[in-house]
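Step one of this worksheet: look at the structure below.
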Amino acid sequence: MSNGYDHKAVEAKWQDRWERQRTAEVDLRHFRGKYYMLMMFPYPSGDRLHVGHGRNYILGDALFRFLRMNGKRALNPMGWDAFGLPAENAAIQRGVHPRDWTLANIKVMKEQFRRWGILYDWSKEIASCFPEYYRWNQWLFLRMLEKGLAYKKMAPVNWCPSCRTVLANEQVIEGACERCGTAVVQRDLEQWFFRITDYAERLLAGLDELEGWPEKVKVMQRNWIGRSEGAEIRFAIPALKEAVTVFTTRPDTVHGATFMVLAPEHPLAARLIAKHPQKAEIEAWIEKVRNTPRIQRSAEETPKEGRDTGAAAVNPATGEKIPIWLANYVLPEYGTGAVMAVPAHDARDLAFARQEGLPVRLVYHLEDRDVDPAAMTEAILHEGVIRNAPPFDGLRDSPETIQRFIDWLAEKGWGQGKVTYRLRDWLISRQRYWGTPIPVVYCDKHGIVPVPDDQLPVELPYDVEFTGREGNPLSRSKEFVETKCPKCKGPARRETDTMDTFVDSSWYYLRYLSPRDANRMFDPEVANRWMPVDQYIGGIEHAILHLLYARFICRVLHDFRLVEAEEPFQNLFNQGMITRWSDKSGRVEKMSKSRGNTVSPDELIEEMGADTERVYTLFIGPPEKEAEWSDEAVTGAHRFLQRVWRLLERLPETPPTAPADAELERDRHATIQRVTHSLQRFSFNTAVAALMELSNSLYRAVEEKTASRLRCEETYDTLLQLLHPMAPHITEELWERRGYTESLLETSWPEHDEKKLRRERIHLVVQVDGKLRDRVEVDAAADEKQVREAVLASPKVKEHLAGRDVAKAVLVPGRLINLVTRKSA
RNA sequence: GCGAAAGUGGCGGAAUUGGUAGACGCGCAAGAUUCAGGAUCUUGUGGUCGCAAGGCCGUGGGGGUUCGAGUCCCCCCUUUCGCACCA
């Protein structure tokens with residue numbers, strides 16, 4: 001039986017109205033004061049909306065509407081992270097141009113947002129694939145090139161044979177390509193980099209100021225930056241009349257260095273093995289190690305492999321000659337690519353020493369027993385006392401001891417303190433078509449020549465062939481490649497590498513603020529008024545990559561004096577994934593098309609409506625946690641909305657006067673307080689629960705005629721207002737039917753009255769020795785004496801006090817009284 | 001191995017500051033309505049003993065602090081996530 005709630009008609013009506021109400025572009029320069037910017041930058045891959053069921057968009061819209069009703073000037077812009085691999089792969093697989101494919105997906109997604117009733121400010125819409133946007137990527141690149149923050153170098157890179165492109169370390173997951181899952185191999189290529197390592201220290205220090213970020217994300221970024229303090233120590237190689245420098249965090253164990261290990265790629269490796277009898281075998285081995293994908297090489301299961309160079313270095317601390325080895329477990333790009341091996345005090349070095357029969361020498365000795373270096377199976381890491389290493393004998397393992405060694409090494413001229421980071425420079429080159437062209441040309445006479453600003457943008461040609469053959473389609477476009485040198489006008493070739501799409505997303509928050517500005521990247525005046533972004537909502541998958549790059553670029557722009565903010569995002573919220581049972585895999589996993597466990601938003605909206613989907617998505621659980629989608633539980637949200645709808649029809653049944661008005665009024669104020677507080681802390685699930693309770697109370701009051709018409713109507717109106725951020729369509733419709741002409745969004749958020757929350761008589765919980773025994777009704781204002789009288793009069797309490805005296809009574813006003821007893825004398 | 005978060009009914013989950021554990025919803029049960037199904041409405045629903053009144057037990061396990069602990073402290077177990085040859 002229909003109860004009159006036709007969600008399809010209601011939603012269509014309001015979605016049309018909101019679309020028509022879309023005003024002309026709002027000029028942000030005219031606003032003064034403090035504003036709120038909420039943000040997302042979805043990737044229009046065509047699959048994205050199913051993932052997590054648009055949870056972040058629904059959350060963002062609820063927050064936006066809540067802020068608006070609270071009189072906050074809030075901006076909810078939407079743009080498209082439009083470049084990227086899926087579009088190009090689609091072109092190859094389906095013969096659609098990446099641009100057409102992307103624009104079609106954007107259209108689909110916009111339609112989806114409309115059907116969810118999400119209010120984006122489309123006048124701020126941007127898409128990174130348009131020259132109006134990406135020319136500023138190019139402009140930024142040129143400024144960074146001028147400052148030495150962009151540079152080109154030969155580098156071993158992660159190469160995905162299937163996508164035929166280079167991948168950043170971050171895009172390699174367990175040795176496989178992030179996008180397609182193909183095993184990644186190593187190659188040496190000339191690549192463009194951004195010098196993010198120059199900002200390592202500031203990016204690390206800046207994390208401490210980000211109070212509005214989840215601790216988890218900050219920890220992940222700290223680990224990624226990987227700061228470690230130690231020292232560089234030089235070891236002489238008499239045979240080569242050279243020295244090799246190592247980095248160590250434990251300079252205090254230098255006396256225990258019994259051999260040295262270099263990465264096979266180390267620049268000195270070739271000279272060290274020049275006269276080795278098995279030179280050819282070692283060279284072949286080096287080549288093998290070099291070609292092992294980095295991820296596989298640094299996996300723990302990979303066995304340690306090494307070769308003795310036959311050469312020796314001198315341990316400066318002991319004067320002893322120690323052998324120099326090459327081994328796969330030493331990575332060329334960390335530290336100096338060379339380590340002093342101290343097997344007695346490092347687990348990896350000990351394992352390698354045992355494997356290869358290399359000597360072990362103790363620096364730190366245990367006090368309670370003697371350790372035989374030849375037989376020890378576990379390295380002594382953080383205990384013991386130094387012996388046989390004058391002048392340090394008797395010192396214990398401590399930061400102070402390490403500092404004394406560093407001072408000593410510096411004094412002797414053998415080394416100095418040094419801070420090293422795990423963070424590498426950001427490899428931005430992609431050998432793909434669908435991205436921002438890197439704005440440089442190659443001239444035989446002048447080498448690398450930047451494209452002058454007045455020739456920007458370097459536009460991506462539309463007519464290229466997508467064959468799937470090796471190499472970048474751009475490099476086969478003569479029209480694009482062949483150009484003139486800006487300096488000598490002679491023939492030159494354009495760079496055909498394009499930029500990583502993370503460049504696009506590292507500054508888009510600034511472009512939102514002046515999206516049509518044709519003369520500059522963004523308007524600094526507006527940017528300084530709106531930045532930093534007040535609330536960023538996104539998935540945890542961006543914890544490192546996107547969020548680190550965006551912080552880096554924001555700082556670069558700050559250093560260019562273009563924006564005051566150093567940190568782009570003041571508050572960050574990571575919504576949890578929505579999971580669902582998958583028949584395909586036979587377990588619960590992340591919702592996605594490929595896993596075949598999605599709920600189609602279209603079908604759900606068709607059947608129950610967008611408001612139901614919104615309310616359920618918010619009610620399913622705490623938004624920061626993962627949640628499992630339940631098809632049955634959705635009906636709970638639907639039933640709730642139907643009840644709210646029916647309530648309007650039943651309001652006329654209420655009497656002009658009734659006895660329990662005060663009780664309903666109290667509920668109304670309590671709900672205002674609860675919902676407001678819940679929304680302020682992103683606890684949408686409890687906000688919905690509070691509204692369900694209020695609707696239940698009101699339903700009961702109407703049913704039993706215990707509240708007056710006026711009181712019920714007022715409560716109902718409040719219910720609609722509080723529910724609006726979660727279920728915008730149905731609430732607007734009912735609000736209009738209540739006879740109001742102004743939109744709910746324009747009403748101001750209800751405020752609760754502290755006085756209305758108070759009760760005259762309260763139910764006080766009575767405990768005897770901490771156990772709940774009874775509830776008594778007392779005056780809210782009753783003092784301890786009055787409460788005690790009332791409590792002692794209770795038969796149940798009397799029973800439990802039989803044979804005992806009250807030794808002490810603890811009164812928590814308005815809540816409970818606890819009678820502590822002892823045996824009667 | 002290191003780091004972080006979390007363990008509450010059949011299920012998803014509530015419980016600002018230590019103060020009535022299980023709000024709200026799903027599911028389930030009984031009843032009402034209905035030709036029937038669905039929908040809707042009412043009541044009940046942590047375990048256990050009891051005809052009942054009521055008692056006892058109960059927030060992963062063990063200990064502690066407190067008048068009072070899901071919440072605070074110590075130890076242990078489990079799960080999830082992140083990092084992992086980084087010298």
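Chain letters run A, B, ... following the sequence lines, proteins first, then strands; residues in each count from 1. Here the structure is a predicted model, which is why all the values come from computation and not from measurement.
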Indicate every side-chain donor-acceptor pair of residues 253-263 of chain A with a distance under 3.5 Å to a residue at least two apart or in another chain.
{"unit_1": "Thr253(A)", "atom_1": "OG1", "unit_2": "Arg250(A)", "atom_2": "O", "d": "2.8"}
{"unit_1": "Thr258(A)", "atom_1": "OG1", "unit_2": "Pro359(A)", "atom_2": "O", "d": "2.7"}

Nearest-nucleotide comparison on RNA chain B, the residue closer to the 5′ end among Thr248(A) and Gly636(A)
Gly636(A)

Check this one for me: any side-chain N or O of His638(A) less than 4.0 Å away from OP1 or OP2 of rG25(B)?
no

Result for 5'-nearest mapping on RNA chain B, choosing between Gly770(A) and Ala633(A), is Ala633(A)

Which of residues 225-235 of chain A have a heavy atom under 4.0 Å from RNA chain B?
Ser228(A)

Does rG27(B) sit syn or anti, given that only angles within 90° of 0 count as syn?
anti

Side-chain N or O of Arg773(A) closer than 4.0 Å to phosphate OP1/OP2 of rU20(B):
no

Under the side-chain hydrogen bond (donor to acceptor under 3.5 Å, both in side chains) rule, what do Ser794(A) and Asp774(A) come out as? Steps first, then yes or no, please.
CA-CA 8 Å; Ser794(A) 149; Asp774(A) 199 9; 2.7 Å; yes

Watson-Crick or G-U counterpart of rG7(B), or none if no pair lies under 3.5 Å
rC77(B)

So what does Lys771(A) touch, heavy atoms closer than 4.0 Å: a base, only the sugar-phosphate, or nothing?
sugar-phosphate

Which whole number of Å gives the distance between the C1' atom of rC24(B) and that of rU8(B)?
15 Å

With B for base contact, S for sugar-phosphate-only contact and - for none (protein heavy atoms under 4.0 Å), nucleotides 3-19 of chain B reads S--------BSSSBB-B

What contact category does His345(A) fall into here, base, sugar-phosphate, or nothing, at under 4.0 angstrom with non-hydrogen atoms?
nothing

Check whether the side chain of Arg639(A) and the base of rU40(B) form a donor-acceptor pair under 3.5 Å.
no

Of the nucleotides rC24(B), rC67(B), rC85(B), which one has an atom closest to the side chain of Lys808(A)?
rC67(B)

Once you apply the 3.5 Å cut-off to both distances, tell me the Watson-Crick or G-U wobble partner of rC67(B), or none.
rG19(B)

With sequence neighbours left out, the residues meeting side-chain hydrogen bond (donor to acceptor under 3.5 Å, both in side chains) with Glu663(A) are Arg759(A)

Whom does rG1(B) pair with, Watson-Crick or G-U wobble, provided both distances fall under 3.5 Å?
rC83(B)

Suppose we define a pair by two distances each less than 3.5 Å, Watson-Crick or G-U wobble; what does rA14(B) pair with here?
none

Just by protein heavy atoms under 4.0 Å, how would nucleotides 42-48 of chain B read 5' to 3' in B, S and -?
-------

Taking Thr579(A) for its side chain and Ala627(A) for its backbone only, find out whether a donor-acceptor pair lies under 3.5 Å.
yes

Could you list the residues that satisfy side-chain hydrogen bond (donor to acceptor under 3.5 Å, both in side chains) with Thr654(A), not counting sequence neighbours?
none

